[in-house]
Novice: 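One structure coming up, written as structure tokens, with questions to follow.
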Amino acid sequence: MSSFHNLQELRHSASLANKVFIQRDYSEGTTCRFQTKFPSELESRIERTLFEDTVKTLNNFYAEAEKIGGQSYLEGCLACATAYLIFLCMETRYEKVLKKIAKYIQEQNEKIYAPRGLLITDPIERGMRVIEISIYEDRGSSGSSSGSSSVSDSTAR
Amino acid sequence: MPASGADSLKPSAFIPVCTAACLLVGSTSMFFVFTCPWLAVTICPAVPPCCAVLFLFVLANFTMATFMDAGVLPVAGEDEDKEDEFRAPLYKNVEVKGVQVRMKWCASCHFYRPPRCSHCSVCDRCVEDFDHHCPWVNNCIGRRNYRYFFLFLLSLTVHMVAVFTFGLIYVLHHMDDLWKLHCLVTLVVISISGLFLIPVLGLTGFHLYLVSRGRTTNEQVTGKFQGGINPFTRGCCSNMEYLVCSPLSPTYTSRPCQKTAVHVRPPFLRPEVDRQMPGKVRGNGIQTLATQNKQSSAGAVELSDIKQLRNPPPLPPKPDRGLLKSQVAVMDDVGHYTKSIIPVSIPTVPQLRPVLEAISRGSSPIPPEQLLKASEQQVTSKGPDLCSDSRESPVRGGVSVQAALQPCTVSSSLQLNSLTLSSRGLTLKHGSRNGSKTQLLSMNPDGLGSNSPAGILTGSSLLAGQCSSGGGGSNKPSYDSLVNPADPQLMAHRGAPAVSYHTHFMALGSDGVVQRPPPHSYSPVFMGVARQSPQPRESASRDPSPSLPGFLQRDSSPAYHGLITRDVQSQSVASRDVPPPGLVMRDVTSQGLQDNLRDLYPHDATLPMSAAARYDNFSKTIMASIQERREQEERERMVRVGARSQVLYGPDVGIYDIPSRRSLPPDNGRPPGSRGPTPPAYGSREFLMSTGILGYGMRTSPLSCSSTSSLTRGPKTSSSPLQSSSSSLQSKGRSSSPAYCPAERHAQAPPSTTTLPRLASSAYPAPPYTSYATAKRSSLPFPSEGKESVTLGALK
């Protein structure tokens, strides 16, 4: 058994088996929010609380990014005043939050999801429509191919 | 200007924007050159600078409106909509602040358009918060650049008013020198500005109204919220505030990819879930079970897994997925819209349970659909777990067979004698148990802990081997015969074009028993039967024949019962190595089981296979009657149940297509062939019929309009409407056919859909279109393999 595992590790045999798409939650309008409902495909792969934490954190990030408040006023005024040339130099607030989100997702993937054979794709790559979670199967120990190509990283298509 | 979209790149598309730009810049320049000096002197020196600033603002907004990405949504990848291609509803309802909003499927972009999103035909892209496509800036106006467009309009209006006013003042003051250059130019300028002021003013006023009402041009023009409530408005002031002060949304396209790869390597952690927990986590036990099953299949299918999974309802995940999908469809209203790509997994023990049962019952290959149906019945009746039951079910019917049977402990070792006997016992035992309600005679009680698939497999293989060995009466079938009979079925279970007859055995083989690809054999029983001399068959046929018609006439008892009885009989026939016991068994069985058999409904699902297995044993007339009966009931069943398994066991080797949840009829008996068995709220045909098709879809794609289903999305590739119609029709016809084969976008070719005809036909209802094919096919398997079941084929 241990040798079998070693073989697997050597072969990096994890193959993409499935993808779960967490859809947007439009109940509060078009503000960016994702559903926190736990998909059934992940029932046996990750704890519910972990998943919900991740989605809630992402939702909070997006809410922070889209908040209309002092910083967004300032940004708008500055942009108008400089004839929007400021956008060439400065990063918008939303972009800053997006970077935070990307970092957070990367960290979540490394710490929580990849060890469980899952990978989260940043929603921005899907137009903020879905959170794509790739489910990988342990191809090595299964003894049979899952039929899909082996993917070992989370880079988006 | 966006680079995408053929229309926007046409030269003619640039004419309005160039005209607008030229007019704007040219007129203003003239104004500054010819009019402003006098204004600065006469009226106020601050006039030109203010005008200049204003003009700069106009230009900036004009530039932003022209060149900024409006919020174009990237086209969805194939994974996302793989299962939504056919038979998916055109509309999906979602609730926004209490108001039902319809999301339409975009055939070009392959996703359901978010609320307020619309597809721009000029840019050929879906745009978020789509307002309109403005020809004057040659760009879509959407979420990201609506502010700039609005400010452009506003500032342009003010600018034009200013230019017109100041020019008029100038002209009025220079009425004497009207024909001087300065005056002439100013006259031209004010005439241009005056001329264009009216439409621009109108447009500005219109957009002011829209902003105050919280609507987009698109929504206003299509009258979306005319009579109802607009859930997207925040109130007039808040809308203004949102318009001006909201943060700039990010662009979705052309983003720098700065990710570092995260490597996913097994072994994977698993959550500490109680595997014995019944699948009722979220009120949908099927899903949980399916997930559990899927997970358990991820690793090697071990005996321990069987024990662990004892308690969950013994639903085979494949049919469960169909239910799962349909239920997910229902849940979409509130739950997430999970679009899973084809999950590929090894059949788990729960999945194989029906197979195991079939095998244990005498290794007669049960058609997948029969087994699934049987297991479905089990599920619906909450039948006890296979493993546990097999262990517990007492021997019913003291058949002398028991004497010959020995408990078969869980072991994958090929202890032929004991396994042979135990397999027989398993057959009987499992048969009775599978019935779960019937009182089948179970021959072998205890010790049949050999619920392990390996044990069962070997047992069945052994039995098969025995059958196939023929003659001899040797109790030791060759390993080849042992292995081979199982292989076809195992492979078939994989969705190979092999006869689905062997599906379960193949699945079992995948559990870890290395199986060679089967020879061309059909079923072990068949093989054995074929090779047996007619003598025993005849003798055997005589005895069970009376009961067989009785079986056939039964209706609704689980398949296993009939199967068991038949297996017993066939075993007695096939196992020439133990002829006397076999005969005795048979006699006793047939006698003792008469009454029980009456109660048993030889499940039609099992009838074809097991009955066919014995066809050679029995007289031709009996076979004919059996055959007719079987087909009859098969057809009945197919009409009743959806061909769910057809989708589950897709034609792709190693890939189990997950049917769209919408395409899988739930157990409450949707009409077969119902195209998208989605709840009406989804804007399915029923919904639209009832509510009337609303004219939201200014962008209805020809595909969606012309598809026969009228609400299905049509094929992925932009085929002609006719093609989409035919494909959707085909898809409809094969309601459960795996329309999601990645390679087969369009309707499935008949061979592929009928790869597992029996699986679908017997176990689940299929639309008449499919049922015909499947019914036809179901009768073919035996003769198709060119084996002894030629009689069967002749009967067909």
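When reading the values below, keep in mind they use all heavy atoms of this one structure, side chains included, and skip hydrogens, waters and symmetry mates. Each chain gets a letter, A, B and so on, in the order the sequences are listed, and its residues count up from 1.
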Novice: Salt bridge between Arg116(B) and Glu128(B), side-chain N to carboxylate O under 4.0 Å?
Specialist: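 A salt bridge is absent here (no side-chain N lies under 4.0 Å from a carboxylate O).
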Novice: Can you tell which part of Asp129(B) gets under 4.5 Å to a heavy atom of chain A, answering side chain, backbone, both or neither?
Specialist: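 The side chain, not the backbone.
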Novice: For residues Ile120(A) and Thr54(A), determine if any side-chain heavy atom of one lies less than 4.5 Å from a side-chain heavy atom of the other.
Specialist: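 Yes - at least one pair of side-chain heavy atoms lies under 4.5 Å apart.
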Novice: Is chain B contacted by the side chain of Glu95(A), its backbone, both, or neither, given a heavy-atom distance below 4.5 Å?
Specialist: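 Contact with chain B: side chain only.
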Novice: Flag the one option from Pro115(A), Ala114(A), Ser72(A) with the top tally of heavy-atom pairs under 4.5 Å to chain B.
Specialist: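 Top count of heavy-atom pairs under 4.5 Å with chain B: Pro115(A).
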Novice: Heavy-atom distances under 4.5 Å only: say whether Thr92(A) touches chain B with side chain, backbone, both or neither.
Specialist: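 For Thr92(A), side-chain heavy atoms alone lie under 4.5 Å from chain B.
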Novice: Would you say the side chains of Tyr26(A) and Thr31(A) form a donor-acceptor pair under 3.5 Å?
Specialist: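 No - no donor-acceptor pair under 3.5 Å links their side chains.
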Novice: How about Val75(B) and Phe111(B): do any of their side-chain heavy atoms sit closer than 4.5 Å?
Specialist: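 No. Closest side-chain heavy atoms not under 4.5 Å.
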Novice: Answer with yes or no whether the side chains of Tyr113(A) and Glu107(A) bring together a donor and an acceptor at under 3.5 Å.
Specialist: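 Side chains of Glu107(A) and Tyr113(A): no pair found under 3.5 Å.
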Novice: Is the backbone of Arg24(A) close enough, under 3.5 Å, to the side chain of Arg129(A) for a donor and an acceptor to pair up by distance?
Specialist: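 Checking the backbone N and O of Arg24(A) against the side chain of Arg129(A), no donor-acceptor pair under 3.5 Å is found.
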Novice: Does any non-hydrogen side-chain atom of Cys117(B) lie less than 4.5 Å from one of Val127(B)?
Specialist: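 With C-beta onward as the side chain, the pair stays apart.
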Novice: Where on Leu98(A) is there a heavy atom nearer than 4.5 Å to chain B: the side chain, the backbone, both, or neither?
Specialist: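 Contact with chain B involves the side chain of Leu98(A) alone.
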Novice: When only pairs under 4.5 Å are counted, which of Leu56(B), Thr251(B), Leu73(B), Val53(B) shares the most heavy-atom pairs with chain A?
Specialist: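 Option with the top pair count is Leu73(B).
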Novice: Quick check on Ala65(A) against chain B: is it the side chain, the backbone, both or neither that has a heavy atom closer than 4.5 Å?
Specialist: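 Just its backbone gets close to chain B.
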Novice: What part of Phe34(A) is in contact with chain B, defined as an atom under 4.5 angstrom from a non-hydrogen atom: side chain, backbone, both or neither?
Specialist: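 Answer is neither: Phe34(A) stays 4.5 Å or more from chain B.
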Novice: For the interface with chain B, which of Gly76(A), Gly29(A), Gly117(A) has the highest count of heavy-atom pairs at distances below 4.5 Å?
Specialist: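 The answer is Gly117(A).
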Novice: Please look at Tyr84(A) and chain B and tell me whether the side chain, the backbone, both or neither of the residue comes under 4.5 angstrom of a heavy atom of that chain.
Specialist: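 Answer is side chain: those atoms of Tyr84(A) sit under 4.5 Å from chain B.
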Novice: With a 4.5 angstrom heavy-atom cut-off, is it the side chain or the backbone of Tyr242(B) that approaches chain A, or both, or neither?
Specialist: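 For Tyr242(B), backbone and side chain are both near chain A.
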Novice: Measuring heavy-atom distances to chain A, does Leu248(B) have an atom under 4.5 Å in its side chain, in its backbone, in both, or in neither?
Specialist: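 When you check distances to chain A, atoms from both the backbone and side chain of Leu248(B) fall under 4.5 Å.
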Novice: Does any heavy atom of chain B fall under 4.5 Å from the side chain of Lys103(A), the backbone, both, or neither of them?
Specialist: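 Neither part.
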Novice: Could you tell me which portion of Leu59(B) (side chain, backbone, both or neither) has an atom closer than 4.5 angstrom to a non-hydrogen atom of chain A?
Specialist: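 No part of it gets close to chain A.
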Novice: Need one label for Pro231(B): side chain, backbone, both or neither, based on atoms under 4.5 Å from any heavy atom in chain A.
Specialist: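 Neither; nothing under 4.5 Å.
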Novice: Once you round to the nearest 0.5 Å, how far does CD of Glu95(B) lie from CG of Asp25(A)?
Specialist: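 Rounded to the nearest 0.5 Å, the CD-CG separation comes out at 10.5 Å.
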Novice: Using heavy-atom distances under 4.5 Å, tell me whether Arg143(B) contacts chain A through its side chain, its backbone, both, or neither.
Specialist: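 Contact with chain A is through the side chain of Arg143(B) alone.
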Novice: Testing the 3.5 Å rule here: is there a donor-acceptor pair between the side chains of Arg147(B) and Ser246(B)?
Specialist: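 The criterion, which ignores hydrogens and geometry beyond distance, is satisfied for Ser246(B) and Arg147(B).
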Novice: Quick one: are Met64(B) and Asn145(B) in side-chain contact, heavy atoms under 4.5 Å?
Specialist: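 SC-SC contact between Met64(B) and Asn145(B) ruled out.
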Novice: Report yes if the side chains of Ile133(A) and Thr121(A) come closer than 4.5 Å at any heavy-atom pair, otherwise no.
Specialist: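 Heavy-atom side-chain distance check fails, nothing below 4.5 Å.
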Novice: Relative to chain B, which segment of Leu118(A) carries a heavy atom at a distance below 4.5 Å: side chain, backbone, both, or neither?
Specialist: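 The backbone, not the side chain.
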Novice: If you count heavy-atom pairs within less than 4.5 Å of chain A, which of Ala60(B), Ser249(B), Cys245(B) leads?
Specialist: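 Looking at each of Ala60(B), Ser249(B), Cys245(B) in turn, Cys245(B) comes out on top.
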